[in-house]
Amino acid sequence: MKTDLVIIGGGPAGMAAAVSAYENGTTDILILERDKELGDNMK
Ligand SMILES: Cc1cc2nc3c(=O)[nH]c(=O)nc-3n(C[C@H](O)[C@H](O)[C@H](O)COP(=O)(O)OP(=O)(O)OC[C@H]3O[C@@H](n4cnc5c(N)ncnc54)[C@H](O)[C@@H]3O)c2cc1C
């Protein structure tokens with residue numbers, strides 16, 4: 001598999017990095033998250 005950017009961890013920092021990269025032209029992004037859902041480790 002080829003992608004331009006791999007982000008390990010889909011918490012707030014990872015998702016913010018993905019949004020920022022996308023807004024700056026990197027659209028081929030893979031977020032690897034070990035949990036079932038992105039974004040919220042406070043459950
Ligand atoms: C009990 C609790 C209550 C909180 N309440 C609030 C609140 O009310 N308001 C607030 O603003 N902040 C709150 N926080 C703080 C907030 O949760 C953190 O500041 C924020 O989640 C940090 O984001 P992060 O992306 O840096 O890390 P994380 O949220 O920890 O995200 C990291 C992600 O990476 C994943 N990960 C780690 N290692 C791997 C791996 N090897 N492979 C794949 N995935 C991996 C984890 O599963 C996780 O989803 C609270 C924190 C806790 C613990």
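Indexing begins at 1, ligand by ligand and atom by atom, following the structure's order.
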| field | Heavy-atom proximity to atom 42 (N) of ligand 1, best of I31, I8, D35 | value | I8
| task | Decide whether L32 and I29 are clustered together by the hydrophobic rule: side chain heavy atoms of Ile, Leu, Val, Met, Phe, Trp, Tyr closer than 4.5 Å, transitively. | result | no
| Taking only heavy atoms of A13, which atoms of ligand 1 are found under 4.0 Å from at least one of them? | 24 (P), 25 (O), 26 (O)
| query | Mind checking whether L5 and M1 sit in one hydrophobic cluster, side chains of I, L, V, M, F, W, Y counted as touching below 4.5 Å? | reply | no
| remark: The atoms of ligand 1 lying under 4.0 Å from a heavy atom of L32, numbered in the order shown, are 43 (C), 44 (N)
| message | Quick test of your reading of the structure: of K36, R34, E37, whose heavy atom lies closest to atom 45 (C) of ligand 1? | response | R34
| said: If we ignore hydrogens and angles and just use 3.5 Å, is the side chain of T27 paired with the main-chain N or O of Y22 as donor and acceptor? | reply: no
| Distance-only donor-acceptor check, side chains D4 and T26, under 3.5 Å | no
